[in-house]
Amino acid sequence: MTRFTARIARTKPAATFAMAARARALRAAGRDVISLSIGEPDLPTPPHVIEAAYRAALDGQTRYPPIAGTEALREAVARKFTRDQKLPVGPKNVLITNGGKQAIFNAVMAVIEPDDEVVIPAPCWAGYIQVVEFAGGVPVFVPCPTASGFRLDAAALEAAITPRTKLLLLNYPNNPSGAVADTAMLGAIAAVLRRHPDVLVISDDIYEHLIFDGSYRTLAAEAPDLAGRVLTMSGVSKSYAMTGWRLGFCTGPADWLAAMTLVQGTATAGVSTISQAAAVAALDGNQDLLAERRDIYRRRRDLVLAALSAAPGLDCPKPEGAFYAFPSIAGLTGRTTPAGRHLATDDDVAEALLEEALVATVPGSAFAMTGHIRLSTAAADDALAEACARIVKFCGAIR
């Protein structure tokens with residue numbers, strides 16, 4: 001029997017992908033499952049982006065790329081960071097990665113030693129937990145409850161920092177809650193970080209263009225004196241519906257980027273040249289589609305909120321951004337489904353919704369906050385309407 005490393009034993013598969021796989025298996029078995037488990041836009045990649053990739057292939061841009069990214073894309077990303085994040089950076093301060101997830105992986109692997117602590121506001125994306133534990137770090141969760149708007153409280157952050165704290169991981173707009181950072185929150189966080197000069201920060205801004213209420217803010221721009229220890233990352237997956245192109249990017253301190261480039265060169269080398277050409281077209285092309293698609297996701301959010309308001313036992317706060325809903329299931333716990341399943345936890349609720357209502361969601365436990373479920377609102381309107389109708393019917397039948 002093969003003996004694997006400790007990092008394999010301590011790393012668990014992401015519950016989001018596990019639930020999506022179960023939904024696919026049930027569909028393959030002939031059951032009419034609607035999956036709202038993955039944050040995957042159903043909208044198409046813009047035609048001009050696909051055309052740019054096609055032209056790049058015809059032009060022979062099919063060789064090994066530079067590990068840090070092609071010059072054309074690093075220049076486009078630098079322009080994008082200056083335009084959208086208000087971070088005046090040059091192409092040498094940009095790293096192109098195989099999706100946003102690799103940017104996070106590279107960053108964590110470059111700075112985290114075994115038993116280093118990483119402070120993560122909860123709820124949080126499950127991938128953060130995976131990467132930190134894989135590196136041997138210790139996730140330290142700071143609860144950001146519904147009453148706080150799912151925002152990070154500065155006093156709670158300060159209380160979580162210890163001599164072993166190496167990194168703070170921020171994600172706003174937030175997956176799964178849809179919370180959006182405001183100037184007051186970022187200012188208070190910056191004040192805490194100034195008292196702890198050894199703490200680095202990853203600012204995951206992958207949902208930066210998907211804000212319905214409020215406006216976009218990022219830490220390095222709000223507190224430029226901290227920019228020397230903040231890595232700001234984003235990508236084209238969510239805003240431009242390019243999840244399968246696997247294209248992320250980041251900017252930050254030159255030494256951290258250099259270490260991350262070493263990690264990337266060791267793990268995967270560079271990013272597909274075709275995807276990089278496509279990303280140049282996305283970032284430098286007409287940006288009107290961002291507002292158009294944001295309006296679509298806002299409409300879908302409102303559709304889901306209105307529908308779930310009729311679901312007994314669910315309480316769904318209004319997401320300010322991203323494309324998820326994160327309702328509390330407190331009103332369902334302790335009760336029994338029509339099939340006789342006792343609902344003790346959010347895991348039980350997610351299981352019952354999949355098996356009995358044929359709707360795939362993800363339990364809040366996967367996001368370090370129990371008592372909730374997450375549904376993606378990136379699906380088509382008719383699928384969302386039908387899924388919500390099934391959820392309402394399921395909740396109404398609970399005893």
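Basis for what follows: all heavy atoms, side chains included, without hydrogens, waters or symmetry-related copies. Keep in mind the model is a prediction, meaning the values are calculated, not measured.
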So D225 and R194, salt bridge (Lys or Arg N to Asp or Glu O under 4.0 Å) or not? Walk me through it. CA-CA 9 Å; D225 60 306; R194 292 184 185 107; 2.7 Å; yes
Carefully, step by step, assess E351 and R22 under the rule salt bridge (Lys or Arg N to Asp or Glu O under 4.0 Å). CA-CA 10 Å; E351 287 285 334; R22 290 188 58 197; 2.6 Å; yes
From CA spacing to verdict: salt bridge (Lys or Arg N to Asp or Glu O under 4.0 Å), D84, K80: CA-CA 6 Å; D84 297 340; K80 173 261 182 303; 3.0 Å; yes
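Smallest separation of non-hydrogen atoms from E208 and S234: OE2-OG, 2.5 Å. The two atoms that bring R298 and I211 nearest to each other are NH2-O, 4.1 Å, heavy atoms only. Scanning all heavy atoms of the two residues, the minimum distance from R301 to P319 falls at NH1-O, 2.7 Å. Closest heavy-atom contact between C144 and P123: O-CD, 3.8 Å. Here the closest non-hydrogen pair linking A135 and V108 is CB-CG1, 3.8 Å. Between A306 and S309, the shortest heavy-atom distance links the atoms O-OG, 2.6 Å.
The residues K92 and E75 are annotated as not salt-bridged, no charged nitrogen and carboxylate oxygen being separated by less than 4.0 angstrom. Salt bridge D115/R164: absent, no basic N to carboxylate O contact under 4.0 Å. Look at D302 and K318 and you find no salt bridge, because none of the NZ, NE, NH1 or NH2 atoms lies under 4.0 Å from a carboxylate O. Using a 4.0 Å cut-off between a side-chain N of Lys or Arg and a carboxylate O of Asp or Glu, E117 and K166 do not qualify as a salt bridge.
Separating the OG1 atom in T337 from the NE2 atom in H342 is a distance of 10.5 Å, to the nearest 0.5 Å. Atom CG of residue L358 and atom CD of residue E386 lie 10.0 Å apart, to the nearest 0.5 angstrom. Annotation: the span from I104 atom CD1 to M109 atom CE amounts to 14.0 Å, rounded to 0.5 Å. Expressed to the nearest 0.5 Å, how far CD1 of I202 lies from CG of L219 amounts to 12.5 Å. To the nearest 0.5 Å, atom OG1 of residue T361 and atom CD1 of residue I391 are 6.5 Å apart. Summarising the geometry, atom OG belonging to S328 is positioned 8.0 Å from atom CG belonging to L314; distances are rounded to the nearest 0.5 Å.
The closest side-chain donor-acceptor pair between N175 and R374 falls under 3.5 angstrom. Looking only at atom types and distance, the side chain of T243 has a donor-acceptor partner in the side chain of E40 under 3.5 Å away. Under 3.5 Å, the side chains of T218 and Q85 contain no donor-acceptor pair of N or O atoms. Between D205 and Y216, the side chains place a donor N or O and an acceptor N or O closer than 3.5 Å (distance only, hydrogens not considered). No side-chain N or O of Y297 forms a donor-acceptor pair with one of Y207 less than 3.5 Å apart. Checked by atom type, the side-chain pair R217/S215 shows a donor-acceptor distance below 3.5 Å. For the residue pair Y128/D204, the side-chain donor-acceptor check at 3.5 Å is satisfied. If you check the side chains of T70 and Q276, you find a donor sitting under 3.5 Å from an acceptor. A donor atom on one side chain and an acceptor atom on the other are not found under 3.5 Å apart for Q287 and H209. When only modelled atom types and interatomic distance are considered, S237 and W245 share no side-chain donor-acceptor pair under 3.5 Å. For the residue pair Q102/T268, the side-chain donor-acceptor check at 3.5 Å is satisfied. In summary, the side chains of D153 and S148 do not present any donor paired with an acceptor at a separation below 3.5 Å, with no hydrogens or angles considered.
Under the 4.5 Å side-chain criterion, counting only non-hydrogen atoms from C-beta, F394 is in contact with L353. Residues Q264 and V271 have side chains in contact (heavy-atom distance under 4.5 Å, counting atoms from C-beta outward). By the 4.5 Å heavy-atom criterion applied to side chains, H372 and T146 are counted as neighbours.
When atom types are taken as modelled, the side chain of N174 and the backbone of A179 share no donor-acceptor pair closer than 3.5 angstrom. Remark: side-chain polar atoms of D116 are not paired, donor with acceptor, to backbone N or O of I112 under 3.5 angstrom.
When each of T377, D42, D295 is checked for a side-chain hydrogen bond (donor to acceptor under 3.5 Å, both in side chains) with R300, only D42 meets the rule.
Both cation-pi conditions hold for R7 and F134: the charged atom is under 6.0 angstrom from the six-membered ring centre and inside a 45 degree cone around its axis.
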